[in-house]
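Below is one structure, written out as structure tokens; comments come after it.
Note that the structure is predicted; figures quoted are calculated from it, not measured.
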Protein chains: 2
Amino acid sequence: MNQPSSIHSPTFSPLYRQIRELITRSLETGEWKPGDAIPSESELAVRFGVSQGTVRKAIDEMASENLLIRRQGKGTFVATHDDPRSFFRFLRLASDDSDLQTLKSIPLECWRAKAGTDVARTLALETGAPIIIVRRLLQCAERPAVFDEIYLPGELFSDLTLDILKSSEMSLYHLFESRYAVRMIRADERLRAVSADRVSAELLQVAEGSPLLLVERVTFTYDSKPVEWRRGYYSTQNFHYFNELG
Amino acid sequence: MNQPSSIHSPTFSPLYRQIRELITRSLETGEWKPGDAIPSESELAVRFGVSQGTVRKAIDEMASENLLIRRQGKGTFVATHDDPRSFFRFLRLASDDSDLQTLKSIPLECWRAKAGTDVARTLALETGAPIIIVRRLLQCAERPAVFDEIYLPGELFSDLTLDILKSSEMSLYHLFESRYAVRMIRADERLRAVSADRVSAELLQVAEGSPLLLVERVTFTYDSKPVEWRRGYYSTQNFHYFNELG
DNA sequence: CAGTGGTCTAGACCACCTC
DNA sequence: AGGTGGTCTAGACCACTGA
């Protein structure tokens, strides 16, 4: 553990990155689950045979990527989607006037299908592999805000049904991580303006053909493995998509 | 410099943050300009009377916020908008097919006005204060992509004219930082889908009433001072707005 | 009070760049 | 060779939390 793999090798990585990989493995395998405290820095230093400072640097990196949460005096915790801060990292929706405290998810449909070419390519599946399609509506203060169509690999969410979605009080990603051990880490979004088709218009209570914000998202778990494809139609009459550039 | 302002004071900040503030001041005052190398970590440590590790932590933070750029073996440099990496941090435009190498900015208009209520509020000016309004078109491979309407505080960009914009080969923000010493650090964007009005439709070569992506941006310099308000109409027939959620 | 993360220091050595 | 940033260590002390 004290030597880089090879001084001039292309796979060289500093000690703290190797430690980071080891910690990531323990997250993947579920040794520490979302919400859990991981061992203290000094414990990990002993376990990995490095100094506390090196463990610290590994954890620093992971904390800056929202994989771990540090809490002074308490410990370091595995990040969880059961947390408003984490929640709005993946929902860049804001209200033009009030805030979004009253946000409510309404599952509409959930069915099985076989992956077409597009879905298969996006989710890195074989064409024809089992997938699950979910439709749901997001409401804020009784006003419809977003209509989502969500594609999931069938293998990972084997027993998912509309009833489970309906009876779940938590956010989708919190359900996914707690019930299916699939943790959403990172996502790429592509945004376009489109005209509302009949279905979207009706659900979002806008005129057919009126402009909607289309948000296409591919979501990844550890190792950049794609595990969700999503198309969201945002009504931007009373809401907007918020983004911070830094 | 060795003591926090007061152990239990609300203004308490660790040493490395105080160092960070001092470095930031030197950036604001122009002691080190965009593209310049700043003094080495050990020099700064001596100058500020702290250890190199403390300077290092201050610089680490600033580098992670893209204020400084570290280059191993060469030194630490003040970030500049004359840099493709920095450029696409503030232009989340992507082409559906090809890449955006051929991007071209076409200034259309530039005139003086007095700030109305909205502009004044957004830019933290008095109502009636002098402002500059710029209109320009972004093209990619001869196809129009974005129509921007840009509001600037008149005081900061005193001699800006359409001719200067037209004859400038660099990006807007590079021009701003090199000619007016106004460095854009951070921006907030609000996105909506709207219908193209006659002017936008004509410039972007789409049908009047077709959906456009409206991107409203407020850009800040040091100390979160707003220095630009911008409304961009994005044609999303051949392009999209790209965003990474992490 | 003990245990956690947070800060600060000092020193050694490595990797990279330039001359 | 000499300078820069990058890594790693060891140890001291501070700030916060909860029993």
Candidate pair N243(A) and Y241(B), rule side chain to side chain donor-acceptor pair (under 3.5 Å), full reasoning: CA-CA 11 Å; N243(A) 197 22; Y241(B) 182 103; 2.9 Å; yes

If I take atom [atom1] in residue [X] and atom [atom2] in nucleotide [N], what distance separates them, rounded to the nearest angstrom?
X: F48(B); N: dT7(C); atom1: CZ; atom2: P; result: 19 Å
X: Q72(A); N: dG5(C); atom1: CD; atom2: P; result: 10 Å
X: R17(B); N: dG6(C); atom1: CZ; atom2: P; result: 12 Å
X: Q18(B); N: dG6(C); atom1: CD; atom2: C1'; result: 15 Å
X: Q52(B); N: dA12(C); atom1: CD; atom2: C1'; result: 12 Å
X: L15(A); N: dC13(C); atom1: CG; atom2: C1'; result: 13 Å
X: R71(A); N: dG18(D); atom1: CZ; atom2: C1'; result: 14 Å

Do the side chain of [X] and the main chain of [Y] share a donor and acceptor less than 3.5 angstrom apart?
X: R89(B); Y: G246(A); answer: yes
X: K225(B); Y: Y222(B); answer: no
X: T219(A); Y: A187(A); answer: no
X: E177(A); Y: M184(A); answer: no

Ring geometry between F176(B) and Y180(B) (parallel below 30°, tilted from 30 to 60°, perpendicular above 60°): perpendicular

Axis-to-axis angle between the two ends of the helix from dC1(C)-dG18(D) to dT18(C)-dA1(D) (five base pairs per end, rounded to 10 degrees): 10°

Smallest separation among heavy atoms of H240(B) and R192(A), with atom names: ND1-NH2, 3.4 Å

Please determine whether a side-chain nitrogen or oxygen atom of [X] lies at a distance below 4.0 Å from atom OP1 or OP2 of [N].
X: S51(B); N: dC8(C); value: no
X: S40(A); N: dG3(C); value: no
X: K74(A); N: dC16(D); value: no

Of residues 54-68 of chain B, the positions that come close to DNA chain C - non-hydrogen atoms, cut-off under 4.0 Å: T54(B), K57(B)

Salt bridge (charged side-chain N to carboxylate O under 4.0 Å, His left out) with [X]: which residues, sequence neighbours excluded?
X: D188(B); result: R186(B)
X: E61(B); result: R17(B), R20(B)
X: E189(B); result: R217(B)

Working for side chain to side chain contact (heavy atoms under 4.5 Å, CB included), residues V134(B) and L160(B): CA-CA 10 Å; V134(B) 174; L160(B) 186 65; 4.3 Å; yes

Residues touching DNA chain D, which here means a heavy atom under 4.0 Å, drawn from residues 75-85 of chain B: G75(B), T76(B)

